[in-house]
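Naming convention: chains lettered A, B, ... in sequence-line order (proteins, then strands); numbering from 1 in each chain.
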2 protein chains.
Amino acid sequence: MHPEQPADRGPSASRGPRLTDHKGPTARDVARLAGVSASTVSRVLNDSGTTLISPSTCERVRAAAAELGYSPHPLARALRGKHTQLIGLIAREIEDPFFAHFISTLSTQARALGYQIVLGHAQSDPSQALQMTAVLDARHCDGVLLLGDLRDDGAATEEILRQRRAVLALCRGQSPGPIPTINTDNRHGMRLLLDHLYTLGHRRLAFINGGWLGDIHERREAFLEYSQLSGLEVTPDDIRTDSNNLDGGYRALVELMQAPRRPTAVLASDDVMALGALKAALDLGLRVPADISITGFDDIEMARFTSPALTTVRQPVEAMSRQALAWLMRLIQGELPSEAEQAATVPPALVIRQSTGPAPR
Amino acid sequence: MHPEQPADRGPSASRGPRLTDHKGPTARDVARLAGVSASTVSRVLNDSGTTLISPSTCERVRAAAAELGYSPHPLARALRGKHTQLIGLIAREIEDPFFAHFISTLSTQARALGYQIVLGHAQSDPSQALQMTAVLDARHCDGVLLLGDLRDDGAATEEILRQRRAVLALCRGQSPGPIPTINTDNRHGMRLLLDHLYTLGHRRLAFINGGWLGDIHERREAFLEYSQLSGLEVTPDDIRTDSNNLDGGYRALVELMQAPRRPTAVLASDDVMALGALKAALDLGLRVPADISITGFDDIEMARFTSPALTTVRQPVEAMSRQALAWLMRLIQGELPSEAEQAATVPPALVIRQSTGPAPR
DNA sequence: TCTGCCTTTGCCAGCGCTTCCAGGTGCAGG
DNA sequence: CCTGCACCTGGAAGCGCTGGCAAAGGCAGA
């Protein structure tokens with residue numbers, strides 16, 4: 001048996017320079033090349049308006065920086081300047097198309113403002129959200145956005161507040177908590193749907209929802225309240241709670257149809273559950289909307305592409321995102337949230353498609 | 001007109017302490033409280049195995065740290081230690097359910113390894129990808145993952161490589177480039193679909209795809225190659241290129257059906273386009289699969305929930321993600337990629353559902 | 001009792017950047 | 001010719017952390 005020969009082609013992985021040992025050029029390097037000091041480099045590159053630099057020096061520094069491909073070390077700069085240009089985003093979900101779209105929108109708009117999104121994915125798990133707050137540390141992100149409600153995330157919320165940080169919540173319902181919040185007007189959205197269905201002659205309604213999360217809870221309460229206002233009888237059997245996903249919607253509708261008193265219309269707490277319910281209805285041989293009407297909430301893109309296309313309520317994602325970022329910028333600037341701004345509500349819009357129709361018979 | 005009175009309730013926003021001025025406790029603070037030096041605090045909290053700290057000191061430091069709620073400043077630590085525990089992820093898309101699922105999976109697995117994902121959203125725009133590389137700086141992220149192919153992202157790629165960083169690409173097709181890549185075996189996937197359709201008696205096939213991106217390109221080439229191997233005639237009209245989304249799939253199928261020579265089966269380059277195509281077929285009054293078979297690629301969750309459910313090929317997301325992270329960890333550790341590991345391919349699986357059936361007539 | 005070693009801890013430098021402060025130059029006015 | 005004032009620029013400190021080096025203390029062996 002031959003003793004193992006050390007590899008001979010180039011530096012071995014364990015001995016050679018590590019990939020990550022690579023250091024970019026520093027301000028000192030640029031300074032040396034330009035024949036100035038590091039502080040001058042910093043001033044030139046930051047346009048420090050207070051002090052003027054002579055045009056020639058300015059030019060020389062820029063040339064040197066360009067030649068070396070220099071860009072300031074983001075960590076060092078942040079450590080010094082207290083700004084990271086990063087926004088932490090803790091999202092309840094990311095695979096849900098509604099959230100995906102929201103994240104995408106936020107990301108685009110944030111970039112336009114010179115910020116990046118650091119995505120913390122809570123996976124519908126409050127303990128992970130808490131863990132996230134540790135990572136999306138006050139000192140790592142200039143601000144934090146919370147997207148979607150998490151059950152029992154009180155601890156996470158407290159932790160964030162303890163750090164006295166710029167933080168804003170989205171789509172978590174009008175929580176009584178101390179975090180400024182932006183919501184779709186969930187009650188109004190449900191109202192639009194109920195009016196629509198009532199006008200179509202539906203009197204037996206059911207609601208399927210995905211748990212007791214803040215905004216979902218609001219929709220459920222609004223459903224109950226407005227049904228009763230309209231004189232509709234709603235029994236506990238008419239409300240079904242299941243997982244907040246396609247399978248959950250599917251199961252919930254199957255169960256509803258096994259009950260003795262079948263609804264003529266089913267409202268889902270969100271589009272994803274509605275798509276699951278739609279599939280279930282079709283699998284059961286029901287015609288939609290001839291036999292049963294189905295509605296969603298959110299208006300995800302897929303809602304246009306089912307057969308039949310889904311009647312739903314559109315959440316104003318663009319507007320909410322824009323407002324959230326504008327607001328967060330001000331918090332980051334140091335403005336304290338005024339009382340009046342603790343909660344904002346943006347109106348949704350009814351989108352009528354083919355999954356709703358006149359009540360049968 | 002009264003002169004405006006300065007607000008009098010509490011410190012005004014512009015004068016008061018800024019929200020972001022808040023400083024957490026530092027190692028010095030802990031040291032002072034525990035009656036030791038800052039370096040001792042550092043050693044205790046980092047379990048620096050080399051030097052032992054007396055149990056009593058250890059205890060005192062931990063108590064002090066707990067009391068102050070101290071955690072080391074991530075930026076300072078990273079600046080010193082050269083590790084940020086952050087992985088940059090530049091994704092071609094985030095709203096596409098396949099990518100959303102992939103991102104979610106990566107995020108979960110990365111967290112288990114002690115890393116966070118910083119999401120850079122390229123929005124199918126190569127110039128944004130380049131911009132991302134600047135943000136997801138070598139010094140900001142320990143490593144970078146590229147998810148999905150971007151047309152003409154050569155500049156971005158070069159920039160990343162110039163920084164000699166740990167970087168890995170996913171789902172971009174077997175590019176000849178110098179970046180290690182992990183791919184689904186797209187050719188094999190297409191082969192499975194074609195065999196399936198051929199067995200069902202289909203002889204007139206069409207392909208709709210969303211552009212000339214790497215992995216999509218591979219699928220298209222495989223479609224062409226295997227069709228010809230099977231003796232099928234494929235004309236340019238049988239291949240339609242449109243946007244890589246639901247609308248694109250819809251339009252592509254409508255156009256296909258306007259052609260004189262209608263296919264009996266349509267293969268889409270991914271599930272999203274397939275869903276659009278499915279909707280179009282149903283809108284045109286076609287029965288699926290009686291009149292036309294439709295297949296996708298990816299196996300997103302929604303594929304199970306259309307009516308009829310979509311026959312497709314499942315990409316092994318879990319496995320690819322796991323392999324990508326394991327590999328990236330080693331790159332971050334400093335191992336240089338070996339020649340053999342420049343490209344890995346993971347086999348996909350055929351998932352037969354209801355959108356495919358025997359060829360008509 | 002003294003020497004020497006080992007354990008435990010503190011000091012200090014420095015990661016790369018920004019910014020206050022002070023110093024140096026040039027030019028105009030006295 | 002000297003003084004003063006702009007205007008530019010360099011020096012140095014320090015953000016919070018880590019790690020090498022060395023010193024202080026304790027104890028055992030001679």
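Judged by closest nucleotide on DNA chain C, B:Thr40 is the one of B:Thr40 and A:Arg28 placed further toward the 5' end.
Taking atom NE2 on A:His83 and atom P on C:dC17, their separation rounds to 18 Å, with Å as the unit. Distance A:His73 NE2 to C:dG14 C1': 13 Å, rounded to the nearest Å. At whole-Å resolution of the value, CG in A:Leu79 and C1' in C:dT18 are 11 Å apart. In this structure, A:Arg60 places its CZ atom 14 Å from P of D:dC8, rounding to the nearest Å. Distance, B:Leu68 CG to D:dG16 C1': 15 Å, rounded to whole Å. D:dT18 atom P lies 8 Å from atom CG of B:Leu45, rounded to whole Å. Taking atom CG of B:Leu75 as the reference point, atom C1' of D:dG14 lies 15 Å away to the nearest angstrom. Here D:dC17 presents its P atom at 10 Å from CG of B:Asn46, a figure rounded to the nearest Å.
The side chain of B:Arg77 lies closest to D:dT18 when the candidates are D:dG19, D:dT18, C:dT19. Distances were taken from every side-chain heavy atom of A:Arg80 (C-beta onward) to each of D:dC17, D:dC15, C:dG10; the shortest belongs to D:dC15. Closest to the A:Arg43 side chain, of the nucleotides D:dC15, D:dG19, D:dT9, is D:dT9. In this structure, of D:dT18, D:dG16, C:dC17, it is D:dT18 that holds the atom nearest to the side chain of B:Ser42.
Contact annotation: the side chain of B:Val30 never approaches that of B:Leu45 to less than 4.5 Å [non-hydrogen atoms, C-beta and beyond]. In this structure the side chain of A:Cys171 never reaches within 4.5 angstrom of the side chain of A:Arg92, judged on heavy atoms. In this structure the side chain of B:Asp29 reaches within 4.5 angstrom of the side chain of B:Thr26, judged on heavy atoms.
Not one side-chain nitrogen or oxygen of B:Ser39 sits closer than 4.0 Å to the OP1 or OP2 atom of D:dG19. Between A:Thr57 and D:dT9 there is a side-chain polar atom (N or O) within less than 4.0 angstrom of OP1 or OP2. Proximity of B:Ser54 to the phosphate of C:dT8: no side-chain N or O atom is located under 4.0 Å from OP1 or OP2.
Contact annotation for A:Thr26: backbone-only contact, meaning every heavy-atom pair under 4.0 Å involves sugar-phosphate atoms and none involves a base. B:Val41 comes within 4.0 angstrom of nothing in the nucleic acid, heavy atoms only.
Checking B:Thr40 against B:Ser37 by side-chain atom types alone, a donor-acceptor pair falls below 3.5 Å.
Remark: A:Leu68 CG to A:Arg32 CZ distance equals 10.0 Å, nearest 0.5 Å.
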